[in-house]
A.B. asks: 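Let me begin by handing over the structure; questions about it come next.
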Number of protein chains: 2
Amino acid sequence: MSITIKDVAKKANVSIATVSRVLNNSNIVEEDTKKRVQEAVRELVYLPNNLGRSLSIKRTEAIGLILPDLFGEFFSEVIRGVDQTAQHHKYHLLVSSSHDDRKEIETALQMIRGRVDGLIIMSADIDVQTINKNLPKSLPVVLLNCQVDDTSYDSLNINNYYGAHQMVSHLINHGHKSISIIKGPVNNHDAEERLRGYRQALRDGKAQFDSELESPGDFSEASGYDAARTILKKKTRPSAIFAANDSMAIGALSAIQEAGVQVPEEIALAGFDDIPIVQFVKPSLSSVRVSINDLGVLAVNRLIQAIREKNKFIKQKTLVPVEVIPRESCGCPKPPRIPFYRTISN
Amino acid sequence: MSITIKDVAKKANVSIATVSRVLNNSNIVEEDTKKRVQEAVRELVYLPNNLGRSLSIKRTEAIGLILPDLFGEFFSEVIRGVDQTAQHHKYHLLVSSSHDDRKEIETALQMIRGRVDGLIIMSADIDVQTINKNLPKSLPVVLLNCQVDDTSYDSLNINNYYGAHQMVSHLINHGHKSISIIKGPVNNHDAEERLRGYRQALRDGKAQFDSELESPGDFSEASGYDAARTILKKKTRPSAIFAANDSMAIGALSAIQEAGVQVPEEIALAGFDDIPIVQFVKPSLSSVRVSINDLGVLAVNRLIQAIREKNKFIKQKTLVPVEVIPRESCGCPKPPRIPFYRTISN
DNA sequence: AATGCTTATGTAAACGTTTACATTATAATA
DNA sequence: TATTATAATGTAAACGTTTACATAAGCATT
């Protein structure tokens, strides 16, 4: 049905080997035959089949990216970073998303296997067993923000501890002595690390340390709202609140404003993640930005290295740097707005 | 190096054909040998190679998605819709993005070709020639928001005309008789259609029709700002402004507020695209929402149909429905906020 | 006991490439 | 002119599957 290298060979009156050589511009083919082959290629509109090629050369020149349920800007940015870096290394990207349970991840792994030379997996609840069972050990893998202890895989994780530490230290530098935290869900690794960073920053900054200052939360806007209400009712009100993520910070902001309390004059506020909305709320929210782009770049670079070295090198765990973005809610001036969105009509 | 079907065959003392039959659970294989083969598969941790399989069955069971530069929520939503629908049809998704110029699109097409059974292309400036030159005519293709007139390809486009018409009609229903438009860039197809919808809505609603009411713009926030300032200075000020996209509407909002004019009391405002920020500005902006999810679902469904029917059926152009989302800026109450973001810590 | 019919398994071709190796043609050397 | 080195091309195996067809074994029928 479709035109193959054989058709070209026949038309140009050469062997398929010669055609292949012309296509991969091997230099040992005579100018005249080269012309003839190229002519045939053009006339027949021959398009080489990547499958056959990959099978033969045992490389696909593509890398895979497995994501959890794709939602919002965050994953879009991950894809963007990964794709650009992959392209830079002349690799294609194969994305598979929306895998929330273990079963779906398994099928995704099975599907992608053989189609890529390496794989980046981002999934909160994947375990080493699942990977081992569904992927050949020869396939290079990089884990992105997964919580696996296994040392046999490369992994990249957000530096939650450092980010929280920096943000809280920043608040301390603003002169705050009594800083509350609205915590994330228990047993959530990101949340635990952020809490750890908060506590250490208090110690390091010689600020007040008190379990009374730690309010529960679950990363939802509603829990941030509730926590802030409770905090405001306390007899000794803290002068600042650090929410373990932006959603809770936004919920807290609503509660604070409803109570008629001024941010940052009467109480300062900061979040974590630097989701786009935080620039648009009033006052704009200070937050900790994860360079999602870096995340993708690092992951791909590591993967490409693994591919090049045939997966034979020491695996390592890497912490991705984060950055405090001070805005109005902690008492800093509002920085110039970063255009974050591009729409279809732009 | 890696375990193939041959190794399994040897270990189980059967032919590779039998192994293949067991793997694809053909029912004509005896229970006893089946057991033996499965045992061998387990012991060797055999993982079938998709490439060989695809080459043999002449299907990849994957579809491709070519996107322009990936930025922001919009494309993330497109991918999401496409991936979910693809998965529903048991197809994999291969995404390739960041293709801004023709050259990059060409390499993307060449790379993806052979790896997918069908392709969705979303690119403002792709032309039919490029497609024809780089893809076999047998490969099913669906164009998403591309501006090609060629009838040999299926295409999906946003219903800009209808959306603008609906939005402007909505303003008319609010009692506005004099409605300005801030236009998009000249020669931009989306912009032209939105203008056409605006004009027709005025006629249909018997509202004032005057070229004075049409201000130039280029879809940028700055141009919206400028346009609004000009509009406010006119001796006969319109009672409403329809911006051809949300970015311009946000720019216009800034200008209006700086002038101390109340929205929507003194002047109503509406945009187009329903980008996420519009829910968070004060007052929240009425806009026209493009169901991006529908876009993906429709595209995939059409593509799968094309694949099933081997690309032999009548191609068609489809308009994707849009929906007016009334908010405070046109005088409607603020609707409950839709959670749009999910962050890494959620 | 020979024949035919199932049923299970094996053989080998096919899918579309690349590439090691073999062959031929050409030119250079003795 | 015969020999050898070099350059261009061809042959065929390999990559890992699936599957049409061939074969063999078992069994029922005559």
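Per chain, numbering begins at 1; letters A, B, ... match sequence-line order.
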A.B. asks: Output yes when at least one side-chain N/O atom of R53(B) is less than 4.0 Å from OP1 or OP2 of dG16(D), else no.
C.D. replies: no
A.B. asks: May I ask you to verify if any side-chain N or O of T33(B) is less than 4.0 angstrom from the OP1 or OP2 atom of dA8(C)?
C.D. replies: no
A.B. asks: Starting at the 5' end of DNA chain C, which residue's closest nucleotide do you reach first, N49(A) or I16(B)?
C.D. replies: I16(B)
A.B. asks: Between dG16(D), dG10(C), dG10(D), which nucleotide gets closest to the side-chain atoms of L55(B)?
C.D. replies: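 Shortest atom-to-atom distance from the side chain points to dG16(D).
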A.B. asks: Is N13(A) touching bases, backbone alone, or none of the nucleic acid, heavy atoms closer than 4.0 Å?
C.D. replies: sugar-phosphate
A.B. asks: Could you work out which one of dG10(C), dT19(D), dT17(C) sits closest to the side chain of I57(B)?
C.D. replies: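 The nucleotide sitting nearest to the side chain is dT19(D).
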A.B. asks: Verify the contact: side-chain N or O of T18(B) to OP1 or OP2 of dG10(C), cut-off strictly under 4.0 Å; return yes or no.
C.D. replies: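 Yes.
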A.B. asks: Heavy atoms from C-beta onward define the side chain here; which of dT19(C), dT18(D), dG16(C) lies closest to that of S2(A)?
C.D. replies: dG16(C)
A.B. asks: Under 4.0 Å: is that the gap between some side-chain N or O of S15(B) and OP1 or OP2 of dG10(C)?
C.D. replies: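 For S15(B), the contact criterion (side-chain N or O under 4.0 Å from OP1 or OP2 of dG10(C)) is met.
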A.B. asks: Please report, rounded to the nearest Å, how far the C1' atom of dG16(D) is from the NZ atom of K58(B).
C.D. replies: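 Taking NZ of K58(B) and C1' of dG16(D), I get 15 Å after rounding.
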A.B. asks: Does N24(A) place a side-chain N or O at less than 4.0 Å from the phosphate oxygens OP1/OP2 of dT18(C)?
C.D. replies: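 Answer yes for this pair, as a side-chain N or O of N24(A) is under 4.0 Å from OP1 or OP2.
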A.B. asks: Applying the salt bridge (charged side-chain N to carboxylate O under 4.0 Å, His left out) test to D154(B), which of R302(B), K317(B), K315(B) qualifies?
C.D. replies: R302(B)
A.B. asks: Counting only N and O atoms by type, is there a donor-acceptor contact under 3.5 Å from the side chain of T107(B) to the main-chain atoms of E104(B)?
C.D. replies: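 Checking the backbone N and O of E104(B) against the side chain of T107(B), a donor-acceptor pair under 3.5 Å is found.
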